[in-house]
Structure formats: structure tokens, C-alpha cells
Amino acid sequence: MKDKHIGDNRPVTDKERRAFLKLGLKITGVVAGGTMLSTVSLLTDRARADELNLRWYEPSKYKPHYCMVIRQNLCVDCERCMDACVKTNNVPAYGYRTTIMEKRIEVSPGRFSVIFRPVLCNQCMDPPCVRVCPTMATHKDPKTGIVIMDSKKCIGCKTCMAACPYNARYFNEEKRAVDKCNFCFDTRLSKGEKLTACAEACPAKVRVFGDLTERESEVYQLIHQTEKTVWVLRPETGAKPNIFYLNV
Amino acid sequence: MQNNLSVSGLADPAFAKPSVNLTTMLVLLLTAVGLGTGLYAFIVGHHHVYAVTREVPWGILISTYAFFAITSTGLCILAAISHAFGGTAFAPLANRSVYLSIVTIMSAFSVIGMELVSPWRMLIYNVISPNLGSNIWWMGTLYGLAVGCMAIEFLAILTARWGIAVAIGVLGALAEVGANTNLGAVFATLAARPFWYGAQLPVFFLCSSVMSGAAAIIIFTHLAYKIRGEKMSEEVFRAVQSAGKVLVLTLFLIGVATVWKLISFRTGGSELGLLAFDNLLKGPLSINFWVIETAIGLVIPILILVFSRLKSLGIMFAASIMALAGGFFQRYDLVVAGQQVPVFYGWDDLPSYLGYSPSMGEIMVVLGGIGLTLTGFLLGERFFGKVFTQTGHH
């Protein structure tokens, strides 16, 4: 069978082929200024999101139902969120409640880009750490759903650390207990603040914090918009996290 | 049958000789130094003494605890089956098994007690703030119940109250089985760790417990007679052979389980799980896996037991030592391999396998646990030796 161009039987000319390739380059962003990474990510994320049912937070038994949306590709790894967390929650130098991971990826042959991913406790709906704790030292706050620690009950078995899919826990020697992010529950939210320290400190507004039960909230709007794909980390563990990711 | 034996009447003078006294003092010293290292960790902080990290929070102390707890379960099960059903060839070993089951679970408790950062909080909050969904809670509670049952059972054996001994012994064995499978489930229900996750581990632990129990009773029975300088009676030798049969069977089953686990990881599933298994096959744990777990712990014992047709006490003893050493490394490799693959593999240029090797402090605590078992064995033979040669009420 002969080569055919759609619509007629005329062979494709070199000029047309070049024009087509140029259009392709524009679409993928190589010519237009290096946005290929986000375009590729968007397509990949969309495919992934089709497979995921993220709406495990509806209907919620928590009010407010705190969550965080991380606009990943806005992160430039300035680490102000980490500093703010350390200062606000008195996190020792040997531990962390939140960090920023990085990965170098090849966006096209020979061209590389570095992506940053802030991570913290995912405040899961079905937290493995809570299920395994023998003394309920770690538990979900019945009002907000935040996974919190009652340090005096922690026996130091570290099962929660082994169970956490997100490496979100460390052992705090001074407290003789495991420590973790609690959305600044004791240090800010309970004192009337509306944002976590990390969300407030982020200059690029990577971390958007809010109440998922408020339909007007930014977090609800971000998660429920249709233009961008939203994903979560390690969905296969069944933990049903409350930290959502998207690229803007 | 005599009903009120005095404890002094149960003592075995053959074990009061100077060489045994010296050995007892040495293993007691090992216990004191080893567990003393654990106590030292409470004072200076566990992180200064132990090598576990944020990413690998469980190390050799958890695996050693599992090793002793699993061995205890096996000893308890073998004794309970013999006591409950009676007439089994294993009967002459049953009383010693009950005693050693108590000794090994106390070793397990000692090691985990040094591993937990605040064990005293467990005593309080396991009671007033229990989490019934937690396998750790069930494991601790059921092992506690089991040790209580076995203590009563052993007391009943000492005083020849066989009815109580059998009833409480069966209850104790059921508690041990529950505790043991919960120990397996501690790992098996963690979806974050694909190497552990799945239905296999609880049954695998139960099978390992019977294997370890059989190996332990062969070793300690042989040592008991060796130290006394006595020859085993035909009846006791047949009991050891009976344990040898159990050992061959369970070693074979562990081999089968290991092969199918390997194949299942190779037929799809999680990349993290496959990476973890590759840690055993060709990674940092490969010498442990191939040389100690597989060759020394499974293949050689099976071969020498089968080819010797269980007729040689020396070969059964050697096979049991190898099987128990293999079992120790099986626990270690299982615990460590499950954590060494980073949960965010692919990010931060993390290596495929995060580092962990036991610190000197951890090894000392392990030796303390081993020392406690050896001390318990020697003291048991000395003070209750006569009971161990009884075949119970059958």
C-alpha cells in the first residue's frame, strides 16, 4: 500500500514535513521556551488521574477537613517552608517534619531538568501509622482529622515509622516519642492562625492549605478544577492521603 | 503419682559440678553485660547506642526479638501437642520444651525491652489506652498471656498437677499461636512495605516457629545429656528423632515458601518489593541469604538429616545448630530487607538500599539475650533436671 496523506492521495512534501515538525516542536515547548516538562507531565498526570478515584474525602466527617494542595512545579527549593517548620515546631536538627525532594529527569535527549517535590505527613484518611500504634499515641483528631501525637503514650516501638508510606515520621529523642507534622495544630491552628507555618512561609504559594468542606476554599477549587490533573503519592498503599499534588 | 514434689527433689546434682558452675557464671556475665548495654542506652539515649535510623527504624534487636519469640512459640506448640494428645514420641521432651519456651520468651522480652524507648509507658497505656486494631498490641498482650499460662503450666508440671498443666498448656499454646501470627501480621499488614505485605508471613512465621522449636529442643536436649555425661535412653532418642522429623518437614516448607515468594516477586507487582528481594539475591544481604539462610540454614541441614536417616544424634545436633543460625539470619534479613529500599525510591539520588548494619551496642544486647537463654537452660537443668526426664502423665 502506498504512503497516503489524510484527505488525498498526494505524497507529503519536504516543506510540509518540516512545517509539521515545527508545529510539533512548538506544541511540546522546545521552541517556545522550554515548557516541555510541564506539558509532558500534564499528559502523564491526566492519564494517571483517570485511574485514581481521589474523592475519598467526600462526604467528610471532619469540620474543618484540613488538607494541603501542593503546586509542585512552582517549588524552587528555597526551603523557607522547612525553616519555618523547624522554628515553629521546635524540630531538632537531626529530624524534619517536612522536606523537599528532588529528581533530575531527562526531558529530551541530553537535556535535563530538576523537579522539586515538597513532602510532609499526608494526614491520611486511613493512616497506617494510627492503625498500628498499640497505645493510640498517634491518632486522628476527631474534629479535624489531623493525625496527631500524644507523646506521653508513645512507647517508642517505631512501628508507625515502618508503616508510614511517606517517611513522614522521626524519633524525637527529647520527647522520647515519634514526632511528625500535625499541620501546626498545636502551634498555630489552635491559636487562631489560618495557615500552617510552611504554607505561610512559601514565597511561591506552592503549599495551599485549607478546608475541603468549604466549596469556596482555594484547596477545594484546585482539587476540583478540570484543567489540571491532581495526584497523590503512593495511592497503592490505600492510605487515602490528604496532600494533593498538581502542576500549574 | 506423687502430688507434692519439693523443688529440691527436682534438682539434678549432675549439673552442680564446677565446670557447669563456671559456664553458668560466664553466660550470666554475658547476659549482664549484654542487657547492661541496653540499660546504658536508656541513660545516654538509644540513638547513641543503636544504629537504627529514620528510614530503617527496625534493626537487629527487632529481628532478634522475633527470633526468640518465634522459637518460644515452636517449643510451646510442640509441648502442647504432646501433652494434649499424649502418647506421642515427643513426650519425653515436652517438659523441657515448656521450660525453654518460657526462657526464650523471657529472652525475647528482654531484647525488645531494650529496643523500646519507653517500655514503661507500654505497661500503662497498653492497658488504659489499647488499640485493638494494632497487631503490636495483640502480640504483646497474647505473649504476656502465654508466658503467664506457661508459668502456671510449668508450676503444675513441677507439682504433678497434670490436668491443670494440660489445660493451661493448651491455652498458653493458643495464645502463643495468636501472638506469633500477630507478629507476622505486624509486618504483613504494612502496605507501605511491599516486601512484607501479603498473606504469607503469618503462616511463614508459624512454620518457622515449629522449625526453630524443633531445632532448639534437639540442641538443648543433646547438650543436657552431654553435660551430664549420660547416654540418652532409647525413648528420649526416639523423641529427638521425632523432633528431627518435624525439623526436616518445616525446613522443607520454609524452602518452598521462599522459592514461591521469589517467583511471585518476579511475576509483576511492586518495583519496591522486587528491589527488596534483589537485596537478598544480589544486594548487600546476598551473602546472608545464599550462604547462611539458604545453604547453612536450609539445604545442608535437610540433606544431612535425610541422608543420615535421623540415626545420628551428632548430625541431628549439627543440623539443628545450622537451622537455628539460619533462622536467626532469616529474621534479620526479613526485617532489614523490608526497610532498606527507600519509600521514595528514585528521588534525591537515594541508593537502592539504605545503609544499616548493627552497632556494637545492638550486638551486645543480642548476646545478652542469647546469654539469658543459655543461663536459663543451665539453671533449669540444674534445678528442675529431674522433671525434664519425666514423660508427664501419659
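Here is the naming used below: chain letters follow the sequence lines, and residue numbers restart at 1 for every chain.
Of the two parts of B:Leu272, only the side chain, counted from C-beta on, holds a non-hydrogen atom closer than 4.5 Å to a non-hydrogen atom of chain A. The contact between A:Arg169 and chain B is made entirely by backbone atoms, counting heavy-atom distances below 4.5 Å. Using a 4.5 Å cut-off between heavy atoms, A:Val178 does not touch chain B at all. For B:Trp138, no part lies under 4.5 angstrom from a heavy atom of chain A. The contact between B:Phe42 and chain A is made by backbone and side chain atoms together, counting heavy-atom distances below 4.5 Å. Neither the backbone nor the side chain of B:Pro342 comes within less than 4.5 Å of any heavy atom of chain A. Contact annotation for A:Tyr166: both backbone and side-chain heavy atoms come within less than 4.5 Å of a heavy atom of chain B. Proximity to chain A (any heavy atom under 4.5 Å) is shown, for B:Val127, by neither the backbone nor the side chain. In this structure, the portion of B:Trp58 lying under 4.5 Å from any heavy atom of chain A is its side chain and not its backbone. If you measure heavy-atom distances from A:Glu102 to chain B, the contacts under 4.5 Å come from both the backbone and the side chain. Contact annotation for B:Thr53: only backbone heavy atoms (N, CA, C, O) come within less than 4.5 Å of a heavy atom of chain A. With a 4.5 Å cut-off on non-hydrogen atoms, A:Cys164 touches chain B through its backbone but not through its side chain.
Contacts classified as salt bridge (charged side-chain N to carboxylate O under 4.0 Å, His left out) and involving residues 130-140 of chain B (residues at least two apart or in different chains) are not found.
Listed by chain and number, the residues in a salt bridge (charged side-chain N to carboxylate O under 4.0 Å, His left out) with B:Asp278 are B:Arg266 (sequence neighbours excluded).
Across B:Ala192 and A:Ala162, no two heavy atoms sit closer than the pair CB-O, 4.5 Å. When all heavy atoms of B:Ala191 and A:Arg234 are compared, the closest pair comes out as O-NH2, 4.3 Å. Considering every non-hydrogen atom in both B:Val117 and A:Arg176, the closest pair reads O-NH2, 2.7 Å. Taking every heavy atom of both residues into account, A:Ser151 and B:Arg121 meet most closely at O-NH1, 3.2 Å.
Counting non-hydrogen atoms of neighbouring residues, nucleotides and ligands closer than 6.0 angstrom, the OH atom of B:Tyr197 reaches no more than 12 such neighbours. Counting heavy atoms of neighbouring residues, nucleotides and ligands inside a 6.0 Å radius, atom CE of B:Met106 does not exceed 12 of them.
Stacking of B:Arg54 on the aromatic ring of A:Tyr96 is recorded, both the 6.0 Å distance cut-off and the 45° axial limit being met.
Between A:Thr135 and B:Asn126 the shortest side-chain heavy-atom distance falls below 4.5 Å. Within the 4.5 Å cutoff, the side chain of B:Phe344 has heavy atoms near those of the A:Leu233 side chain.
No side-chain donor from either of B:Asn131 and A:Arg131 sits under 3.5 Å from a side-chain acceptor of the other.
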